[in-house]
Amino acid sequence: MLRQQDVGYRIVVRRIVGIREGRPLFSDALGDLVELTETHLTMTTARGRLRIPLTEVHRAKRVPPTRRPTAAAVVALELAADEAWPAPVRGRLGDWLLRSADGWSGRANSALPVGDPDRPLPAAVDAVEHWYAQRGRPALVNTPLPLAAPVAAELDARGWTARPPVLVQTAELAPGPPWTAPAGQRDRPPVELTGTPSDDWLAVATDRKGGLPPAARHVLTAVDQVRFAHGYADGTLVAIGRGTITGSGRWLGLSLIEVLPSARRQGLAGQVIRAFADWARASRATHAFLQVEQHNAAAVNLYRQFGFTTHHTYLTRVAPALGG
C-alpha cells in the first residue's frame with residue numbers, strides 16, 4: 001500500500017468500480033500521486049485529476065517514471081541549484097563540492113558528490129569528514145539518486161543516517177495556463193519583486209527558518225539574478241518567496257515560498273509563483289526547479305498544479321556522531 005513517502009511519484013492504482021454477478025469489477029489508473037490522506041488518495045492522470053476513496057483501492061504501488069533523466073541532466077540541475085543557494089565557505093574535492101554556512105540549511109552545509117572526486121571513493125569520504133571536522137561542523141553529504149548510488153552505498157557501510165527524502169522538481173515555463181492567473185485573482189494587488197529583501201520579508205523568513213545568521217544572508221543574496229517576492233493584504237506582508245536565475249540563464253529556482261497562516265487558501269502562493277515566472281520568462285529562462293520534502297503533501301500538491309514533476313530525488317546523509 002502507498003505511504004506518504006510516495007507523494008510526488010508515479011503510481012498505478014487498481015480500484016474497485018462495481019460488482020457484477022457477485023464479483024468485483026476493476027479499473028486501473030496511472031499517474032502522479034499528489035495527496036494521500038487517511039481516507040483518499042489524489043492523483044493526476046492523462047485524463048485529469050482523480051480522487052479515489054481508499055475503500056475502493058484494491059492495490060496501489062509506485063512505478064518507475066516514464067523516462068529517467070540522464071546523469072548529465074542531473075549534474076547540470078544540481079549545479080544550477082548550488083549556484084542558486086551559494087554557501088559562503090566552499091571547497092573542492094576533484095569535482096565534488098564542499099559547502100559550509102554556519103549550519104544554516106542542509107543544502108548549504110553539505111558536500112555535493114557529483115563528478116570525479118579525484119581519488120578512490122573511501123578516501124573521498126574520509127576527506128569530506130576531515131574537511132567538516134576542521135570547521136567544527138557535522139559532515140553532511142547530499143546524494144542525488146540514483147546518480148550517487150555508489151556514494152550512498154559507501155555511506156551505508158559507514159553507518160551514516162539519512163534525513164527525509166527531498167524531491168527535485170521541474171516544470172517548463174510555457175506561456176498560458178497554469179502560469180496565468182485565474183480570472184478571479186486578476187484584480188488582486190500585484191506581488192512586488194525586489195532585488196533585496198525588506199526587513200518584513202526577513203522577519204517572515206526568520207520565523208520559518210528559525211533564525212537568519214550572517215551566513216544565511218549570504219546564501220539568500222549572493223546570486224547575480226535574485227528577486228524577493230512581497231505579497232501584501234491590507235498593508236501587511238502576508239506572502240514571501242525567493243527566485244533566482246542560474247544555470248546559464250535557463251533555470252528559475254523557487255525557494256522560501258511562504259504564506260502566513262491567516263492568509264492561506266486564498267491563492268497567494270500561486271500569485272507569488274506566477275510573479276517569479278513572469279520575471280524569469282522576461283529574462284529568457286525556460287524552465288523552473290524547486291526542492292521540496294517528499295512528505296510535504298500540501299506543497300507537492302501546490303507545485304503539481306503548475307506542472308512540476310519529480311526530476312530526481314536526494315537524501316541528505318549525516319555522519320555518525322564521534323564516539324557514537
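All residue numbers refer to positions in the sequence shown, counting from 1.
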>> Between Arg163 and Val318, does the side-chain contact (heavy atoms from CB on, under 4.5 Å) criterion hold? Intermediate values first, please.
In response: CA-CA 8 Å; Arg163 291 179 178 174; Val318 183; 3.8 Å; yes
>> As a quick check of understanding, evaluate side-chain contact (heavy atoms from CB on, under 4.5 Å) for Phe276 and Val191, giving each step before the final call.
In response: CA-CA 9 Å; Phe276 282 131; Val191 170; over 6 Å; no
>> As a quick check of understanding, evaluate side-chain contact (heavy atoms from CB on, under 4.5 Å) for Ile240 and Phe228, giving each step before the final call.
In response: CA-CA 7 Å; Ile240 68 168; Phe228 299 87; over 6 Å; no
> How far apart are the C-alpha atoms of Arg10 and Arg62, what are their side-chain angles, what is the distance that settles it, and do they pass the side-chain contact (heavy atoms from CB on, under 4.5 Å) test?
Replying inline: CA-CA 6 Å; Arg10 194 165 180 83; Arg62 190 193 299 186; 5.9 Å; no
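The hydrophobic cluster containing Val128, built from Ile/Leu/Val/Met/Phe/Trp/Tyr side-chain heavy atoms closer than 4.5 Å, also comprises Val89, Leu93, Trp96, Leu98, Leu121, Val125, Trp131, Tyr132, Val141, Val151, Leu155, Trp160. In the hydrophobic clustering, Ile16 connects to Phe26, either directly or through intervening members, whenever side-chain heavy atoms lie under 4.5 Å apart.
Every pair passing side-chain hydrogen bond (donor to acceptor under 3.5 Å, both in side chains) that includes a residue from residues 196-219 is listed here, sequence neighbours excluded: Ser198-His230. Evaluation of the salt bridge (charged side-chain N to carboxylate O under 4.0 Å, His left out) test over residues 103-127, restricted to residues two or more places apart or in two chains, returns Asp126-Arg158. Residue pairs meeting the salt bridge (charged side-chain N to carboxylate O under 4.0 Å, His left out) criterion with at least one member in residues 297-311, sequence neighbours excluded: Asp32-Arg304.
With sequence neighbours excluded, no residue forms a salt bridge (charged side-chain N to carboxylate O under 4.0 Å, His left out) with Asp102. Listed by chain and residue number, Trp85 satisfy the side-chain hydrogen bond (donor to acceptor under 3.5 Å, both in side chains) test with Ser105 (two or more places apart in sequence, or in another chain). Contacts of Asp28 classified as side-chain hydrogen bond (donor to acceptor under 3.5 Å, both in side chains), with partners at least two apart in sequence or in another chain: Arg14. With sequence neighbours left out, Thr170 forms a side-chain hydrogen bond (donor to acceptor under 3.5 Å, both in side chains) with no residue at all. Listed by chain and number, the residues in a side-chain hydrogen bond (donor to acceptor under 3.5 Å, both in side chains) with His295 are Glu293 (sequence neighbours excluded).
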Result block: side-chain N/O donor-acceptor pairs under 3.5 angstrom for residues 74-84, not counting sequence neighbours:
{"from": "Glu78", "atom 1": "OE2", "to": "His312", "atom 2": "NE2", "distance (Å)": "2.7"}
{"from": "Asp82", "atom 1": "OD1", "to": "Arg90", "atom 2": "NH1", "distance (Å)": "3.4"}
{"from": "Asp82", "atom 1": "OD1", "to": "Arg90", "atom 2": "NH2", "distance (Å)": "3.3"}
{"from": "Asp82", "atom 1": "OD1", "to": "Arg99", "atom 2": "NH1", "distance (Å)": "2.9"}
{"from": "Asp82", "atom 1": "OD2", "to": "Arg90", "atom 2": "NH2", "distance (Å)": "2.5"}
{"from": "Glu83", "atom 1": "OE1", "to": "Gly247", "atom 2": "N", "distance (Å)": "3.1"}

Side chains of residues 252-262: which donor-acceptor pairs under 3.5 Å do they make with residues two or more places apart or in other chains?
{"from": "Ser255", "atom 1": "OG", "to": "Arg242", "atom 2": "NH1", "distance (Å)": "3.3"}
{"from": "Glu258", "atom 1": "OE2", "to": "Arg264", "atom 2": "NH2", "distance (Å)": "3.3"}

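Contact annotation: the side chain of Glu56 never approaches that of Val17 to less than 4.5 Å [non-hydrogen atoms, C-beta and beyond]. Side-chain contact check for Val13 versus Ile52: some heavy-atom pair is nearer than 4.5 Å. Residues Arg15 and Leu50 form a side-chain contact, since some pair of their non-hydrogen atoms from C-beta on lies under 4.5 Å apart. Within the 4.5 Å cutoff, the side chain of Ile19 has no heavy atoms near those of the Leu25 side chain. Considering only heavy atoms from C-beta on, Leu212 comes within 4.5 Å of Leu202 through its side chain. Annotation: side chain of Leu54 is in contact with side chain of Leu41 (closest heavy-atom distance under 4.5 Å). The closest side-chain heavy-atom distance from Gln291 to Leu167 is not below 4.5 Å. Residues Ser100 and Arg137 have side chains in contact (heavy-atom distance under 4.5 Å, counting atoms from C-beta outward).
Placement of Trp251 and Phe308 in two distinct hydrophobic clusters is found when ILVMFWY residues are connected by side-chain heavy-atom separations under 4.5 Å, directly or transitively. Follow the hydrophobic side-chain contacts under 4.5 Å out from Leu173 and you reach Phe306 in the same cluster. Ile11 and Val292 end up in the same hydrophobic cluster when Ile, Leu, Val, Met, Phe, Trp and Tyr side chains are linked at under 4.5 Å. Transitive grouping of hydrophobic side chains (ILVMFWY, heavy atoms separated by less than 4.5 Å) keeps Val114 and Val168 in distinct clusters. Hydrophobic cluster membership differs between Leu290 and Leu315, with clusters built from Ile, Leu, Val, Met, Phe, Trp and Tyr side chains linked at under 4.5 angstrom.
Side chain of Thr37 to main chain of Thr39: a donor-acceptor pair is present (N/O by atom type, distance under 3.5 Å, no hydrogens or angles). Here the side chain of Glu154 pairs no donor or acceptor atom with the backbone of Ala124 at under 3.5 angstrom. In this structure, the side chain of Asn109 does not engage the main chain of Leu140 through any donor-acceptor pair within 3.5 Å.
Annotation for Arg135: atom CZ counts as buried by contact number, over 12 foreign heavy atoms lying within 6.0 Å.
Taking each heavy atom of Leu268 and Ala263 in turn, the nearest pair found is CD1-O, 3.5 Å. Minimum interatomic distance between Ala215 and Pro88 (heavy atoms only, all atoms of both residues): CB-CG, 3.9 Å.
Atom NE2 of residue His58 and atom OG of residue Ser27 lie 13.0 Å apart, to the nearest 0.5 angstrom. Taking CG of Asn301 as the reference point, atom CG of Leu36 lies at 12.0 Å (rounded to 0.5 Å).
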